[in-house]
**Q** 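One structure, as structure tokens, below. Some questions next.
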Amino acid sequence: MTIIKEAIEVLNNGELVAIPTETVYGLAAPINNVKSLEKIFALKERPFFDPLIIHVTNIKQAKELTTSWSQVVDSLTEKFWPGPLTIVLPKSDTVNDIITAGLDSVGLRCPNHPLALELLNELNIPLAAPSANKFKKTSPTSVEHVRSEFGEDLFILDGGSCEIGIESTVIGVFSDRIDIYRPGMITKVEIQKVVDIPVNLAESPVSPGQLKHHYMPAIPLIIYQNKDILIKNLKDQYQLDLNQSTEMILNSDPNIAARELYSSLREISSTKARAITLKKPELINEKWEAIWNRLEKAASSIV
Ligand code: TXA
Ligand code: MG
């Protein structure tokens, strides 16, 4: 039996499957199986107010899940799908309320990973999938990460390490504007190039999942600008000396920095270090802004 057939059998038996995507691994269930969808929330310890995004294999599948597919959405999907862009649109009746947390909108994304696409194709039912980590914790970018979150029992489709490394850009599309709910490696400038309505960062978190503390590693991450202030903060707030912490180094290329971000956080957390320190990167472009969005939420202190 091929690995894809095996994964389909697991899904048909009502169990969850961890799927590789180009961003991070997802914890997937078919959108028509309520019991399996409930298992996602239970296993992740995710509150029911936080909606799931739906992964589709093509535009035809996506169109069935929304009541509003406009020219703008056509332009966006033509340019960015398959890829790390989640598009929030008014939901159709086929989408169960458990997926959208009772909202009347749904997040749709076509992932750019051959195994995910093959699974979606063969199954022929879209998959709801959040990132495959416990609620608020660091997203997984490898099979080992998913294993360490959920143990041996979970079926994981091994697609290697994730190329992009941080979660997709999430946007809400309206008739007169596009709001960015979660920044990502597809940037505002890139989106603006393909549409003729204004694109802006949403001011308050519209995504119920955009909590202040999120993506948190197992030990505190302390981001600093000034070393002396860092040393004082470590002592006062954490009763630690500098040599009990490990400095995280981000690659100067944001594409590589994003790819390595979550595995670095996990790697340092698994050592004897009691804290992770990081010199605040300069936010010289939108890709760094997206990385900063994750860092800010992962940090216990920014000093
Ligand atoms: O890259 C990704 O998007 C990964 C991979 C697995 O596809 N998935 C992911 O899912 O990051 P999750 O559940 O960890 O994050 C999805 C975000 C959450 O912040 C959620 O609140 C938001 O999207 N979201 C989902 N549906 C929404 C909706 N209808 N309106 C506003 N925000 C929504
Ligand atoms: Mg997540």
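Counting starts at 1 for both ligands and their atoms, following the listed order. Just so we're clear, the structure is a prediction, and the values are computed from it rather than from any experiment. Numbers here are sequence positions counted from 1.
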**Q** Would you say Tyr224 and Glu247 are linked by a side-chain donor-acceptor pair, where the criterion is simply a distance under 3.5 Å?
**A**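 Glu247 vs Tyr224: donor-acceptor pair found between side chains.
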**Q** May I ask you to decide if the ring planes of Tyr262 and Tyr215 are parallel, tilted or perpendicular, using 30° and 60° as cut-offs?
**A**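 Tyr262 and Tyr215: parallel rings.
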**Q** Is it true that Glu15 and Lys39 make a salt bridge, defined as a side-chain N closer than 4.0 Å to a carboxylate O?
**A**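 Result for this pair is yes, salt bridge flagged.
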**Q** Please could you name the atoms of ligand 1 that Arg109 approaches to less than 4.0 Å, counting only its heavy atoms?
**A**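 By the 4.0 Å cutoff, the relevant atoms are 1 (O), 2 (C), 3 (O), 5 (C), 7 (O).
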**Q** Which is it for Ile19 and ligand 1 at heavy atoms under 4.0 Å: side chain, backbone, both or neither?
**A**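 Near ligand 1, Ile19 shows nothing, with every heavy atom at 4.0 Å or more.
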**Q** Does a donor on one side chain and an acceptor on the other come within less than 3.5 Å for Ser142 and Arg147?
**A**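 Ser142 vs Arg147: no donor-acceptor pair found between side chains.
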**Q** Among side-chain atoms of Glu64 and Ser92, is any donor-acceptor pair under 3.5 angstrom?
**A**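 No, Ser92 and Glu64 have no side-chain donor paired with an acceptor closer than 3.5 Å.
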**Q** Check this for me: does any side-chain nitrogen of one of Glu45 and Lys134 sit under 4.0 Å from a carboxylate oxygen of the other?
**A**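 Salt bridge present between Glu45 and Lys134.
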**Q** When you measure from the centre of the six-membered ring of Trp292, is the NZ or CZ of Lys297 closer than 6.0 Å and no more than 45° off the axis?
**A**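 No, Lys297 does not lie over the aromatic ring of Trp292.
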**Q** Quick one: which ligand 1 atoms are inside 4.0 Å of a heavy atom on Leu103?
**A**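 Reading through ligand 1 atom by atom, the close ones are 28 (C), 29 (N), 30 (N).
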**Q** Please determine if Arg294 and Glu289 form a salt bridge, counting it only when a charged side-chain N lies under 4.0 Å from a carboxylate O.
**A**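 Looking at Arg294 and Glu289, the cut-off is not met.
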**Q** Between the side chains of Glu22 and Arg109, is the shortest nitrogen-to-carboxylate-oxygen separation below 4.0 Å, so that they form an ion pair?
**A**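 Glu22 and Arg109: salt-bridged.
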**Q** Return yes or no for this condition: an N or O of Thr23 is under 3.5 Å from an N or O of ligand 1.
**A**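 Yes, Thr23 has an N/O under 3.5 Å of an N/O on ligand 1.
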**Q** So, is His55 polar-close to ligand 1, with some N/O to N/O distance under 3.5 Å?
**A**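 Yes: some nitrogen or oxygen of His55 is under 3.5 Å from one in ligand 1.
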**Q** Side chains of Thr21 and Thr23 only: does a donor on one sit below 3.5 Å from an acceptor on the other?
**A**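 Their side chains do contain a donor-acceptor pair, which is all the 3.5 Å distance test asks for.
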**Q** Using heavy atoms and a threshold below 4.0 Å, how should the contact between Lys44 and ligand 1 be classified: side chain, backbone, both, or neither?
**A**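 Under 4.0 Å from ligand 1, Lys44 contributes no heavy atoms.
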**Q** Can you list the protein N, O or S atoms less than 2.8 Å from the Mg ion (ligand 2)?
**A**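 Checking every protein N, O and S atom gives Ser131 OG.
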**Q** Near Ser131, which atoms of ligand 1 are under 4.0 Å from a heavy atom of that residue?
**A**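 Under 4.0 Å from Ser131, ligand 1 has these atoms: 8 (N), 9 (C), 10 (O), 12 (P), 14 (O).
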**Q** Hey, is Lys91 touching ligand 1 through its side chain, its backbone, both or neither, going by heavy atoms under 4.0 Å?
**A**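 No part of Lys91 is near ligand 1 at this cut-off.
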**Q** Show which atoms of ligand 1 fall inside a sub-4.0 Å distance from at least one heavy-atom site of Ser168.
**A**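 By the 4.0 Å cutoff, the relevant atoms are 1 (O), 2 (C), 3 (O).
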**Q** Just wondering, more than 12 heavy atoms not from Lys280 lying within 6.0 Å of its NZ?
**A**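 Counting neighbours around NZ of Lys280, more than 12 heavy atoms of other residues, nucleotides or ligands fall under 6.0 Å, so yes.
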**Q** Only heavy atoms of Pro130, strictly under 4.0 Å: list the atoms of ligand 1 that pass.
**A**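 The atoms of ligand 1 under 4.0 Å from a heavy atom of Pro130 are 10 (O), 12 (P), 13 (O).
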